[in-house]
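Model, not experiment: these values are computed from the prediction. Heavy-atom basis, side chains included; hydrogens, waters and symmetry copies ignored.
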Amino acid sequence: MLTTATNRALALPEIVFEILACLEAQAELCPQQVQASLRACSLVSRTWFFDANVFLYRAPYIRNGRGADTKVNALVRTLTTTNRGLYVRSLSRCKLELWEMFSSLDKLFNPCPRLSSISLCFRSGEKGHLMEPFETEAFRILDPTIAQGMAHIQELDLTSVSINSVDKDDTTYADAALNCISACTRLHKLVTTRADWSNIRTISKHLTDLSISFLAPPDLKTSVALAPSLVNLTSLHLHHAPQAIPAHDFSRVLAQYCRSLTKLDICPESITTQSLETLVLHNPGLVSIYLRNCPDIYTAAVLTHPPQNLEFFDMGTVDSQLILMALALCPKLTSTGKSAPRNNNTVEFWQSFLEKARQIQELHVERWSDFHSKDLFFNTVLPKLGPQLVRIWFGWRDLLGCDELEQVLTSCNRLQVLRAPVKGNGQNLVRCFKVVESRSRLREVRLFGDNVKFCDDDKRRMQRFLPVLCSFST
């Protein structure tokens with residue numbers, strides 16, 4: 001009777017829809033697995049077929065590699081097939097890790113009027129797999145249908161990876177990327193790498209999220225011309241490609257124009273300390289700052305005018321006093337990211353840290369030496385901070401044994417997110433989580449390690465009493 005009732009419940013469209021929606025919510029973390037699961041769900045029954053197809057075609061993801069061109073051609077054929085038109089019209093996001101799809105975008109835009117997010121990635125080479133040469137003609141002039149469709153795109157990802165140190169396709173790729181950017185007149189979010197903006201002329205005035213890694217930033221005159229279009233930025237990730245020209249002129253102009261930033265992620269090649277101090281002063285609403293490989297003077301520049309709403313501040317490896325100063329000057333700071341003391345990494349420092357860290361809810365443990373010693377972390381830091389921690393990440397260098405993992409779980413009774421390298425037997429790892437089964441608030445668990453006997457049965461047993469996304473990788 002129970003089996004019959006379960007089968008009836010799983011045939012109800014409302015329940016099927018909720019199951020598939022829960023599955024789709026995990027797409028950002030593991031898109032390939034979710035796509036495979038959705039394809040399997042479409043084969044269960046007629047009810048599952050109709051609902052699963054809606055989710056399956058809502059955000060297709062095709063990864064670069066062998067057979068990718070075949071998958072792209074299959075997607076294009078599906079988009080133009082009449083009996084699938086109902087499903088593909090709901091498509092709003094599309095991620096394709098190859099530029100070969102670009103010349104077929106007219107077949108994508110026509111049946112998908114709701115498409116607002118697209119990701120086109122170009123890889124010039126890959127270990128063990130020689131890519132076809134980058135076709136130039138398809139990108140020099142935008143087809144009118146493609147240009148009309150790109151005008152509705154709100155999120156554009158132009159990530160590129162170059163394995164070869166000398167890439168002859170850089171110029172062509174830069175021209176193609178600028179054509180895409182100029183066509184997206186309603187763009188809100190832009191992610192682009194290996195960017196050559198020396199010839200850029202226009203960019204969307206609606207842009208709020210910019211993540212860019214420059215090969216050649218715009219000069220001062222071009223930066224001033226672009227600045228009025230970037231005044232609405234709320235998130236800025238300004239990075240620097242190897243052997244690229246520093247983007248100091250561009251960031252100096254942004255520091256004068258931007259007033260609405262809440263997230264900032266920078267490196268020293270992309271901004272000077274003077275510009276950073278101005279940028280922080282003009283954006284008191286900052287809640288997240290990530291300084292990548294920056295000297296201590298960059299942290300000091302931020303703390304000259306400390307944002308009072310700052311919640312995340314990754315300073316990197318800095319002077320220990322700067323970490324304590326950040327905790328004292330930023331009352332809402334809940335995470336210092338991977339910040340670690342360069343000097344005075346002593347018991348006294350960590351006692352001072354614990355006294356000022358009453359609001360800390362997130363902890364990154366890259367290596368035990370960052371906490372003076374492993375014993376100090378487990379005997380002093382974890383008992384004090386554990387009850388208030390919501391998220392904890394462990395680096396890959398030091399593996400956690402089953403007893404240590406159990407101590408983390410029992411000390412952190414508010415923990416929601418856990419990422420940890422582990423060692424030991426899969427059955428013992430399951431036992432660690434079963435200890436906190438009745439009071440666990442965990443919603444995401446990611447475990448990884450070498451030579452761990454963690455079979456599929458162990459995963460299934462863990463997921464029976466953990467209502468979370470649980471993944472394991474070696």
Side-chain angles (χ1 to χ4, degrees), residues 24-25 27-29 31 58-62 90-99 101-102 105 108-109 112-122 142 146-161 173-174 176-197 200-215 217-218 223 226-241 247 250-251 253-254 257-267 270 279 283 285-290 292 312:
E24 188 198 33
E28 290 291 334
L29 297 172
R58 182 175 294 180
Y61 172 76
I62 298 179
S90 67
L91 190 149
S92 60
R93 304 174 67 90
C94 185
K95 184 171 184 179
L96 304 167
E97 287 192 352
L98 63 166
W99 270 93
M101 181 65 190
F102 190 92
L105 281 181
L108 185 65
F109 288 125
C112 307
R114 299 180 183 177
L115 189 63
S116 61
S117 174
I118 191 167
S119 176
L120 294 169
C121 303
F122 163 54
L142 286 178
I146 297 177
Q148 184 178 0
M150 295 292 283
H152 297 280
I153 295 296
Q154 296 181 11
E155 295 184 11
L156 180 64
D157 188 340
L158 298 177
T159 307
S160 61
V161 177
Y173 172 79
L178 292 182
N179 281 340
C180 284
I181 293 172
S182 62
C184 298
T185 55
R186 301 181 185 178
L187 197 62
H188 289 185
K189 179 179 180 179
L190 173 62
V191 179
T192 180
T193 58
R194 292 173 58 213
D196 183 349
W197 279 18
I200 192 170
R201 293 293 177 265
T202 181
I203 196 169
S204 170
K205 295 181 179 180
H206 304 283
L207 200 65
T208 59
D209 190 332
L210 175 62
S211 179
I212 188 168
S213 176
F214 279 120
L215 272 178
S223 298
L226 291 176
S229 299
L230 301 175
V231 294
N232 296 320
L233 283 180
T234 59
S235 179
L236 176 62
H237 298 249
L238 201 55
H239 300 157
H240 184 264
F250 181 69
S251 58
V253 173
L254 286 183
Y257 278 82
C258 292
R259 296 291 191 276
S260 306
L261 286 178
T262 58
K263 295 181 180 179
L264 180 63
D265 187 335
I266 49 135
C267 64
S270 63
L279 192 64
N283 294 272
L286 280 165
V287 297
S288 174
I289 298 179
Y290 194 156
R292 296 180 182 269
F312 178 89

For Leu279 and Ile266, what are the C-alpha separation, side-chain angles and deciding distance, and is it a side chain to side chain contact (heavy atoms under 4.5 Å, CB included)?
CA-CA 12 Å; Leu279 192 64; Ile266 49 135; 5.7 Å; no

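- Contacts of Phe250 classified as ring pair (Phe, Tyr, Trp, His ring centres under 6.0 Å), with partners at least two apart in sequence or in another chain: Phe214.
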Go through the steps to decide whether Asn232 and Leu207 satisfy the test side chain to side chain contact (heavy atoms under 4.5 Å, CB included), and finish with yes or no.
CA-CA 7 Å; Asn232 296 320; Leu207 200 65; over 6 Å; no

Apply side chain to side chain contact (heavy atoms under 4.5 Å, CB included) to residues Leu236 and Cys258 and explain how you reach the verdict.
CA-CA 10 Å; Leu236 176 62; Cys258 292; 5.6 Å; no

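- If you take CG on Asp209 and NZ on Lys263, they are separated by 7.5 Å, rounding to the nearest 0.5 Å.
- Applying the side-chain hydrogen bond (donor to acceptor under 3.5 Å, both in side chains) rule to Arg201 yields no partners; only residues at least two apart in sequence or on another chain are considered.
- Minimum interatomic distance between Ser251 and Ser270 (heavy atoms only, all atoms of both residues): OG-O, 2.8 Å.
- In this structure, OG on Ser211 lies 8.0 Å from NZ on Lys189, to the nearest 0.5 angstrom.
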Worked verdict on His152 versus Arg186 for side chain to side chain contact (heavy atoms under 4.5 Å, CB included):
CA-CA 6 Å; His152 297 280; Arg186 301 181 185 178; 3.3 Å; yes

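- Ile212 is listed as a side-chain neighbour of Leu238, based on a closest heavy-atom distance under 4.5 Å.
- In this structure, CG in Leu156 is found 13.0 Å from NE2 in His188, a value given to the nearest 0.5 Å.
- Across every non-hydrogen atom of Ala151 and Thr185, the tightest pair is O-OG1, 3.7 Å.
- Remark: side-chain polar atoms of Thr202 are not paired, donor with acceptor, to backbone N or O of Ser182 under 3.5 angstrom.
- Here the CG-CE distance, from Asn179 to Met150, works out to 9.5 Å after rounding to the nearest 0.5 Å.
- Ser229 pairs by the side-chain contact (heavy atoms from CB on, under 4.5 Å) definition with Ile203, Lys205, not counting sequence neighbours.
- No donor-acceptor distance shorter than 3.5 angstrom exists from the side chain of Thr234 to the backbone of Thr262, with no hydrogens or angles considered.
- For the pair Asn283 and Ser260, the tightest heavy-atom approach, listed with the atom from each and the gap, is OD1-N, 3.0 Å.
- Across every non-hydrogen atom of Asp196 and Leu178, the tightest pair is O-CD1, 3.8 Å.
- Interatomic distance, CG of Leu190 versus CD1 of Ile181, reported as 5.0 Å (0.5 Å rounding).
- Taking CG from Leu254 and CG from Leu210, the interatomic distance works out to 8.0 Å, rounded to the nearest 0.5 Å.
- When the side-chain hydrogen bond (donor to acceptor under 3.5 Å, both in side chains) test is applied to Ser213, no partner is found at least two apart in sequence or on another chain.
- Partners of Ala227 according to the side-chain contact (heavy atoms from CB on, under 4.5 Å) rule, which considers only residues two or more places apart in sequence or in another chain, are Val253, Tyr257.
- Remark: Asp265 pairs with Arg292 by the salt bridge (charged side-chain N to carboxylate O under 4.0 Å, His left out) rule, at least two apart or across chains.
- Looking at every heavy atom in both residues, Cys184 comes nearest to Ser204 through O-CB, 3.4 Å.
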